[in-house]
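For reference, the structure is listed below as structure tokens.
Just so you know, residue 1 is the first one in the sequence shown, and it goes up from there. Note that ligands are numbered from 1 as they come in the structure, with each ligand's atoms numbered from 1 the same way. Reckoned from all heavy atoms, side chains included, excluding hydrogens, waters and symmetry mates.
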Amino acid sequence: MSVAVIPRALTIAGSDSGGGAGIQADLKTFQELGVYGMSALTAVTAQNTLGVQGVYPLSAEAAAAQIESVGCDLGVHALKTGMLFNADIISAVADKISSFGWKNVVVDPVMIAKGGADLLQAEAVTALKRDLLPLALIVTPNLPEAEVLAGMSIYSMEDRREAAKRIHDMGSDFVVIKGGHEEKEGDQITDLIYDGRVFTKLLGRRVETVHTHGTGCTFSAAITAGLAKGMSEMAAITEGRAFIQAAIEDSLGLGQGHGPTNHWAYGRRRQAVTQ
Ligand SMILES: Nc1ncnc2c1ncn2[C@@H]1O[C@H](COP(=O)(O)OP(=O)(O)OP(=O)(O)O)[C@@H](O)[C@H]1O
Ligand SMILES: Cc1ncc(CO)c(N)n1
């Protein structure tokens, strides 16, 4: 009798005490998508729907030790990185990914929280580009992050394509430039995917809401879960988009500011369809 393999995914990211972003969002998403979740913490944040009240980074050694513990025992089918905060942590994370030889690597290049707090030190961008992007299978910048990585302003779809090409040249096989920060024009949001050959637009319905805390974390975690289950990159990205769309549409209305999305929504909708 064969024993079913349990898909396992690791998130290397910061803690959001409010539970809507960071490792909390990632682990909820992994769980909802049938993937066993593991975590390596890089920083603790005191955070809620109103903003970030404090950032307490861990040492690079602590981050590396957690990755080693997970990698040498439980095994990792796919991983994502989120908030990495400084260049030392980035280098330590990149070293561990290389030494384990992990290929299903999703890099969410988290830089600034929606309220404006720095989640990555400015001087760490060089380390991100030099050490981590060459190891990425998929990188998922939002528009401001794509501008920083590509070193250009983005106004048009043509600019987005140029930025995607530049970021692809840094070593990631797939680049997904997310459209959540688009100027509001019309009722659609475009995520642009580039695989080094073809541009694909993923169109989604724009939801008018303030509850978009942790959308990028949740989206990249859903993609990672798909990869851990053996899905192709495009299938994982497409399911990730459906997961975050449902999570935004059915948001929970918690907190006094930018509230979390609903990590149950996608699974509940699928259950409703099969009943
Ligand atoms: N109002 C919205 N309606 C529908 N989809 C949205 C909305 N806002 C964001 N999205 C989708 O959510 C995903 C994440 O995009 P976004 O640009 O918000 O990421 P982010 O800025 O990195 O998020 P965060 O920093 O809060 O984690 C993308 O697939 C995007 O299209
Ligand atoms: C810990 C953490 N990671 C990422 C984000 C970006 O949403 C956040 N707000 N907090």
**Request:** Looking only at protein heavy atoms, identify the closest one to atom 9 (N) of ligand 2 and say how far it is in Å.
**Result:** Q47 OE1, 2.8 Å
**Request:** Indicate yes or no for a side-chain donor-acceptor contact from T218 to the backbone of A25 under 3.5 Å, with no hydrogens or angles considered.
**Result:** no
**Request:** Non-hydrogen atoms closer than 4.0 Å to ligand 1: which protein residues do they belong to? List them by chain and number, please.
**Result:** K114, N142, K178, G180, H181, I189, D191, R205, R206, V207, T212, G214, T215, G216, C217, R241, I244, Q245, I248
**Item:** 4.0 Å heavy-atom contact, A13 with ligand 2
**Value:** no
**Prompt:** After noting the C-alpha distance and the side-chain angles of K165 and E158, does the key distance pass the salt bridge (charged side-chain N to carboxylate O under 4.0 Å, His left out) rule?
**Reply:** CA-CA 11 Å; K165 279 187 186 163; E158 199 43 49; over 6 Å; no
**Request:** Answer yes when D191 and K201 have at least one side-chain N-carboxylate O distance shorter than 4.0 Å, and no when they do not.
**Result:** no
**Shortest protein heavy-atom distance from atom 4 (C) of ligand 2, along with the residue and atom involved** = C217 SG, 3.6 Å
**Prompt:** Nearest protein heavy atom to atom 5 (C) of ligand 2, by residue and atom, and its distance?
**Reply:** L119 CD1, 3.5 Å
**Message:** One thing to verify: whether D26 and K80 come together as a salt bridge, which I'm taking to mean a side-chain N less than 4.0 angstrom from a carboxylate O.
**Reply:** yes
**Fill in**
Using a 4.5 Å side-chain heavy-atom cut-off and chaining through intermediate ILVMFWY residues, the residues clustered with I248 come out as V106, L137, I138, F174, V176, I193, L202, V207, F219, I223, L227, M234, I237, I244
**Prompt:** Is it true that R206 and E249 have a side-chain N and a carboxylate O under 4.0 angstrom from each other?
**Reply:** no
**Prompt:** Any salt bridge between R269 and D250, counting N to O under 4.0 Å?
**Reply:** yes
**Prompt:** Which of these, V107, D169, V175, sits in a side-chain contact (heavy atoms from CB on, under 4.5 Å) with L133?
**Reply:** V107
**Message:** Show the atoms of ligand 2 that are less than 4.0 angstrom away from any heavy atom in A21.
**Reply:** 5 (C), 7 (O), 8 (C), 9 (N), 10 (N)
**Asked** Can you list the atoms of ligand 2 that are under 4.0 Å from a heavy atom of S15?
**Response** 1 (C)
**Request:** Closest by any non-hydrogen atom to atom 2 (C) of ligand 2: pick that one out of G214, G22, S220, A25.
**Result:** G22
**Message:** Does this structure show an ion pair linking E32 with R270, if we count only N-O contacts that are shorter than 4.0 Å?
**Reply:** no
